[in-house]
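Presented below is the structure to which this report refers.
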Amino acid sequence: MALTIWPGRPDPLGATWEGQGTNFAVFAQHAMHQVALPDALKWVDPPTFPGAKLAVVNGDPSKEGLFVYRVKVPAGYKIPPHMHKASENVTVLQGVFFVGMGEKFDPGSGTELPVGGFIAIPPEHAHFAWAGTQETMIQVHGVGPTDIRFINPADDPRKK
């Protein structure tokens, strides 16, 4: 059976009869789909993670609704113990990322997450993290609004 692709229309959305075949056109502007290509992400210097880079992929972490962002950190980068008011779902995209639970930074109690590794951290759950021996990139998603509160206020770079 040969597959024939017919020119389609964006509206109405979905399967439409084009006289000779069915058009299953899906257009991002009509369906509210979003495509984020790596080269198009806007990387910024986040005030909460000096020396790291952050790119919001979708949504706004400070507002109601779904958010997705990525963080790139250099080898050996440490994130002090902190909490969030929303759940945090982390996937490792590059490198190795370690995550530990608790209010004190204890590298002996962390879990190693390789590329593809995932961790779900509940709201108001103290945790800390660090990168392995190479640049590491993680993707974080959740439902906002969220925040970051460092357990030790002296660890908060926004207050320095």
Side-chain angles (χ1 to χ4, degrees), residues 10 13-14 24-160:
L13 179 64
F24 291 97
V26 176
F27 291 80
Q29 65 191 25
H30 294 282
M32 302 303 285
H33 288 107
Q34 178 184 347
V35 174
L37 300 175
D39 292 343
L41 295 177
K42 181 181 176 188
W43 293 93
V44 298
D45 299 319
T48 50
F49 303 126
K53 295 287 185 187
L54 183 143
V56 174
V57 178
N58 188 359
D60 182 339
S62 70
K63 296 183 179 166
E64 292 283 334
L66 178 68
F67 66 84
V68 180
Y69 63 86
R70 293 181 182 171
V71 179
K72 281 196 274 191
V73 296
Y77 193 89
K78 294 180 180 176
I79 301 172
H82 62 281
M83 294 190 295
H84 309 278
K85 63 183 172 184
S87 294
E88 182 178 51
N89 302 286
V90 180
T91 304
V92 180
L93 302 179
Q94 173 187 322
V96 176
F97 197 60
F98 295 84
V99 179
M101 300 298 146
E103 295 188 355
K104 296 198 186 288
F105 195 98
D106 176 12
S109 69
T111 299
E112 179 178 337
L113 299 173
V115 170
F118 171 83
I119 186 167
I121 303 169
E124 306 299 336
H125 204 87
H127 59 285
F128 53 91
W130 70 99
T133 59
Q134 61 187 3
E135 180 180 73
T136 297
M137 181 169 40
I138 59 170
Q139 179 164 291
V140 180
H141 73 275
V143 178
T146 194
D147 64 350
I148 183 167
R149 295 179 323 278
F150 291 93
I151 302 301
N152 179 353
D155 288 335
D156 190 339
R158 297 168 295 189
K159 297 182 179 180
K160 294 182 181 179

Report task. Could you walk me through whether Phe67 and Val140 pass side chain to side chain contact (heavy atoms under 4.5 Å, CB included), step by step? Result -> CA-CA 8 Å; Phe67 66 84; Val140 180; 4.2 Å; yes
Nearest heavy-atom neighbours spanning [X] and [Y]:
| X | Y | value |
| --- | --- | --- |
| Val73 | Ala131 | CG2-CB, 3.7 Å |
| Thr136 | Gly95 | OG1-CA, 3.8 Å |
| Asn89 | Ala120 | OD1-CB, 3.5 Å |
| Pro74 | Gly51 | CD-O, 3.6 Å |

Main-chain N/O of [Y] paired to [X] side chain as donor or acceptor, under 3.5 Å:
| X | Y | result |
| --- | --- | --- |
| Asp156 | Phe150 | no |
| His141 | Gln139 | no |
| Gln94 | Gln134 | no |
| Thr91 | Phe118 | no |

Query raised in the report: How about Lys78: does its NZ atom have over 12 heavy atoms from other parts shown lying under 6.0 Å from it?
Result: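 Atom NZ in Lys78 is not crowded, with 12 or fewer foreign heavy atoms closer than 6.0 Å.
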Under 3.5 Å, which donor-acceptor pairs link side chains of residues 37-49 to any protein atom two or more places apart or in another chain?
| from | atom 1 | to | atom 2 | distance (Å) |
| --- | --- | --- | --- | --- |
| Asp45 | OD1 | Lys53 | NZ | 2.5 |

Nearest-0.5 Å distance, [atom1] of residue [X] to [atom2] of residue [Y]:
| X | Y | atom1 | atom2 | value |
| --- | --- | --- | --- | --- |
| Ile138 | Glu88 | CD1 | CD | 6.5 Å |
| Tyr69 | Thr146 | OH | OG1 | 6.5 Å |
| Met83 | Ile148 | CE | CD1 | 10.5 Å |

Please list, one pair per line, the donor and acceptor atoms closer than 3.5 Å that link side chains of residues 103-117 to other protein atoms, with sequence neighbours excluded.
| from | atom 1 | to | atom 2 | distance (Å) |
| --- | --- | --- | --- | --- |
| Asp106 | OD1 | Gly108 | N | 3.1 |
| Ser109 | OG | Asp106 | O | 2.9 |

**Report entry** Close side-chain approach of Glu64 and Pro145, heavy atoms under 4.5 Å
**Finding:**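 Yes, at least one pair of side-chain atoms sits under 4.5 Å.
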Query raised in the report: Any side-chain heavy atom of Phe97 within less than 4.5 Å of one from Ile79?
Result: yes
Query raised in the report: How are the rings of His82 and His84 set to each other: parallel, tilted or perpendicular (split at 30° and 60°)?
Result: perpendicular
